[in-house]
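Some notes on the structure that comes next.
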Amino acid sequence: MASGTRKGGMAAPRDGFLSFKTDLNPSGPKNKKKKQLNKNKKKSWGKHSDVRDVEEFLEDVRFQERTVGGLISEKPDDSLFFVDAGGERRDSNLDKDKPLQDDVILQPDSRIPAPTDVSSGLDSEKPDGSRHRKDKPLRIDVILQSDSRIPAPKDVLAHQIPNAKKLRVIAQRAQQLEARGVVPRQQRLLQARLQRSLARKGKANKPAANNDPQRGFYDLWSGAAAETADPWYLQQTKKMLVKRPARLNVKPSTLPAVEVPAPGASYNPDFLSHQALLRQGHEIELKKQKAELRLERQLAFPKEQIATRESVFQEEVEGLIEDSEDEGPHDEYTPQYQAASREKKTERQRKWERQLREREKRWKALRQARDRQQQLFRLRSLKAEVLRQEETTGLRKEARRAKKLEEESMPRRLGKLKYQEPDLDLQLSSEMAGSLRKLKPEGSILKDRFKSLQKRNLIEPRERAKFVRKHKLKYVEKRAFREVTL
Amino acid sequence: MGGVEKKKYERGAATNYITRNKARKKLQLSLADFRRLCILKGIYPHEPKHKKVVNKGSTAPRTFYLLKDIRFLLHEPIVNKFREYKVFVRKLRKAYGKAEWTAVQRLRDNKPSYKLDHIIKERYPTFIDALRDLDDTLSMCFLFSTFARTGKCHVQTIQLCRRLTVEWMNYIITSRCLQKVFLSIKGIYYQADVLGQLITWLVPYQFAHNHPTDVDYRVMATFTEFYTTLLGFVNFRLYQTLNLAYPPKLDSKDEAELRAENDEAYAMDSESYLEKLSALSASLARVVSSSEEEEVELDQFPVEGEDVEQLEARQKEQLQTEAHKKIFEGLKFFLNREVPREPLAFIIRCFGGLVSWDKSVCIGGTFDVTDETITHQIVDRPSLDKQYINRYYVQPQWVFDCVNASLRLPVEDYFAGVTLPPHLSPFVVEKDGDYVPPEKLRLRALQRGEKPENAESSEEEEDEEEDDNDEEEGSDDEDLDEEEESDERNLKKMEQQRAQGKALPVKVTAGKVKAENRARSEQEEQAEEKRLAIMMMKKREKYLYDKIMFGKKRKVREANKLAAKRKVHDETTKAEKKKKKAKK
């Protein structure tokens, strides 16, 4: 039987189940007279046997599983029913002011103030500021909240409390216990839980995020940090901070961090300084324009290569007309190989040459000696000469040093791109505001700061990464509509 | 020939540098993390002297770092944190993808974070080092604190920047060390002297930003992260030096006042506290409550190698700075709604004034418009419907110009609706011989304690005068030319006389004893000496001397030219004004 194989205990006693649909099946087949049939064959068994009740039963089981999540009969009692204590009846229509159960539980009810958490400024809030998930009302509560305008029917029980006496006794007892200093069990457990969670938080001791607006600061430069551990141990375990080399504390540029603009950039400038600033801007623009024009000129099509009518014609008939002149006789000149056809020098010639060389040498030596002797009389001028030379070298040295100094304040070439000077911020005379109220600020300070960082060689100039499409886009016409072509 | 073959690029410059990509690989970091690390640790790229050698023969432009720097980075504990963070992000992404919300929550709770304290200590070993690098820090923090919370950067960063900048401004107010303000078209430049260090910073105007696209926000955010930490520690230390409580607290007296004023308007106490602090109207609480500021006269000791004159000069300078700090003392300002509240409140409070504003502008106003004791009301509109008789209505530029001139300027030039005199940059230092705008000359005269007469100050009056008789000219120039003119007049007289009567009225009078002017003779002697010295100069020296003198003269000439230009400009504007008046 197909139904029996599903679960072991399911097919057994029928009365064990509490059927939802008891009246749906008023024993239909019982009323009719049963047909006599042969059930000697498997086929007829399958055809004529009545399995409706089994089917219904299984349907019921499935229904229960779907709705309740299991068989109701197998559920424990306290999951199905609850003891109506009655005390809550009074405010049963879910007043909104009532705090969530979680909040009530989490509220510390001890007189002693909770130990303040030093590591984090806020307890309940997470470092990123969002409230904890638990603190939000449950969605189900929100759904269950009545939104009807019609007030709830008057409750008979509103004025009488069921089990009032019992409750009173309980409350009295609780009071007595409290007077004696006995904490009820439930509260004790809650306290313990709270303590545990606090302890856990303390143990983790997470540092607050760097950009936490409530983060604390302390005196960083008050003195040497107390290094408790053995320096040798620290060094060997690579826990010792390496000393920063002094070279890193030298700034890569001598430029000031904040460059104050020229007086012409005042919001209400003096006439002449404003003119000076305008002139400066104008010169920059001129330079840019000049560069642009130059590029244009260089890229322009050369005039002499523009096709004229003749040249076009010439091109068209190229090869059609045979040029007879071209076929003129070539020069039959071929450079002849000049063979070395020198005669040998005679002995006499060699001797003569040797003598010449020797004479030259002797003469040179003589000359040198005489010059040296002569220098003795030139001492004064020599001295002047040396002085002059020293002066020129000194000047050059100075120039070199000045150049180096100047270079220190220049932006360096640190990467693929060169540093580009930002546009000069200025306002034309027509744009200038007469008063502070009407002032329109010029340029962006963010960009100014960014460019300043680049100018001072702190970061390399970069371009924003371009979006590169990996695959080509394909054009597809949808069937729904087609592109209109006229 | 023996020996091992020397290979190229295995010694020298090539081994001292490392390319960025190699450095990144060595540190096992992504490019973004590497860049962040470099910024935090203060390690910057280098341009080698011989690029081709360093680049192993290639001329491709690359970014180089010093190998030693990268080796130093290897020891940084933050590198590990970066790696941890990378793993965290990966796990989180995975959990999200699988919709495992508890796992997401757990991961979030254990998000790795790092501290920059040790890096700041390492980069700025002393407090003064940190102070020296504060220009950048302040500019960046002020900039970020004005950002809209639109997701360009973390909201928390913006909040932290705001908090730190408010703390800074409160410190400056309490220590009274602001010196210069310059309103430029970009933003407001401030300069303060904090513990002997001149600190300049830039504060944007309070208008909406247009976010430029060619700025790398990630890089800027990294800088800001570092700078916020630095500024926090610096603030703490600065507050300590003034004996102020560090998370700044309002003075209990002031706080009570403020609370009484407007408690119902603002809801949350925690929220409004920062607002009250940023209102800058109340003073801060001290750790040791000093009952009253006892001013102890310090004994003056001459520094070694300093004579009496220098000492006196120093004392005079000190007195001046003291006076500068108190220029608004005893004044009561009220800010109209249309003027920028924060910079004005900041500056007025920095120089000892009392300031308040309309309740609708901001929390923390201490008195009303109706207060009779208000001395100055700052307005920026052409006309007002209701005016009190016992207070000045001045435009905001008056406050800034007073600070720069370090004295209370005459208010007449700055009345509401009046065309303002130019706002000069206090950061310009003129050398002698440079062109100085007439406004500045006037200001200097004022500073010297002279009373300017009918110069440009009372332009209106002058205009009226000129309507009557068009003979007066700028009086500054007249002073200079007076002597020459008198000479000329004498000459003219003599000539006229000669023309009238041919015979000159020649008379012999008794001689007078000419009193020998000692100073004059001394001067003449000096001039003569100088002339002789010039004559005795060698040729080369003479050449140099001539060159220098020529340069000086040229400077003077240029300055004169500019002055003449200015005069022409002024005249044209005046003429235009007159025309307008005539039309009216």
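Quick caveat, the model's predicted, so the values are computed rather than measured. A, B, ... follow the sequence lines: proteins, then strands. Residue 1 opens every chain.
Put simply, the side chain of B/Arg123 never gets that close to the backbone of A/Arg244: no donor and acceptor are under 3.5 Å apart. Checked by atom type and distance alone, the side chain of A/Trp221 pairs as donor or acceptor with a backbone atom of B/Tyr124 at under 3.5 Å. Without hydrogens or angle criteria, B/Ser113 side chain to A/Ala209 main chain gives no donor-acceptor distance under 3.5 Å. Side chain of B/Asp380 to main chain of A/Arg437: a donor-acceptor pair is present (N/O by atom type, distance under 3.5 Å, no hydrogens or angles). Although no hydrogens or angles enter the test, the distance criterion places a donor-acceptor pair under 3.5 Å between the side chain of B/Thr63 and the main chain of A/Leu414.
Only the backbone of A/Asn457 comes within less than 4.5 Å of a heavy atom of chain B; no side-chain atom from C-beta onward does. For a residue to count as touching a neighbouring chain, one of its non-hydrogen atoms must lie under 4.5 Å from one of that chain's; by this rule B/Val234 touches chain A with backbone and side chain alike. Contacts between B/Pro426 and chain A at a heavy-atom distance below 4.5 Å are absent for every atom of the residue. With a threshold of 4.5 angstrom between heavy atoms, A/Arg412 approaches chain B through its backbone and through its side chain.
The choice from B/Glu338, B/Gln397, B/Glu225 that makes the most heavy-atom pairs within less than 4.5 Å of chain A is B/Gln397. In terms of heavy-atom pairs under 4.5 Å with chain B, the best-connected choice from A/Arg413, A/Lys451, A/Lys243 is A/Arg413. Note on B/Asp129, B/Thr126, B/Thr228, B/Val428: by heavy-atom pairs under 4.5 Å with chain A, the leading option is B/Thr126. The candidate with the highest count of non-hydrogen atom pairs below 4.5 Å against chain A, out of B/Thr157, B/Val155, B/Asn235, is B/Thr157. Of the residues considered (A/Pro263, A/Gly415, A/Pro441, A/Ala257), A/Pro441 shows the highest number of contacts with chain B, using heavy-atom pairs under 4.5 Å. When each of B/Met140, B/Gln395, B/Lys565, B/Lys68 is scored by its heavy-atom pairs under 4.5 Å with chain A, the top score falls to B/Lys68. No other option in B/Pro61, B/Pro396, B/Ser425 has as many heavy-atom pairs under 4.5 Å with chain A as B/Pro61.
When the heavy atoms of residues 400-408 of chain A are compared with those of chain B, none of the residues falls under 4.5 Å.
The two residues B/Ser184 and A/Leu439 come nearest to each other via the heavy atoms O-CD2, 4.4 Å.
Side-chain contact check for A/Lys251 versus B/Arg132: every heavy-atom pair is 4.5 Å or farther apart.
Interatomic distance, A/Asn210 CG to B/Thr224 OG1, rounded to the nearest 0.5 Å: 12.0 Å. A distance of 6.0 Å separates CG of A/Leu453 from CG of B/Asp136, quoted to the nearest 0.5 Å. Atom OH of A/Tyr267 is separated from atom CD1 of B/Ile185 by 13.0 Å, given to the nearest 0.5 angstrom. Atoms CD and CG, on B/Glu122 and A/Leu248 in that order, are 8.5 Å from each other to the nearest 0.5 Å. Interatomic distance, B/Leu202 CG to A/Asp448 CG, rounded to the nearest 0.5 Å: 6.5 Å. Note that CG of A/Leu272 and CZ of B/Arg566 are 6.5 Å apart. Values are rounded to the nearest 0.5 Å.
Ring centroids of A/Tyr218 and B/Phe233 are separated by less than 6.0 Å, placing the two rings close together.
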For this session: Run the numbers on B/Arg62 and A/Glu460 for salt bridge (Lys or Arg N to Asp or Glu O under 4.0 Å), then give the verdict.
Result: CA-CA 10 Å; B/Arg62 288 219 169 86; A/Glu460 74 270 18; over 6 Å; no
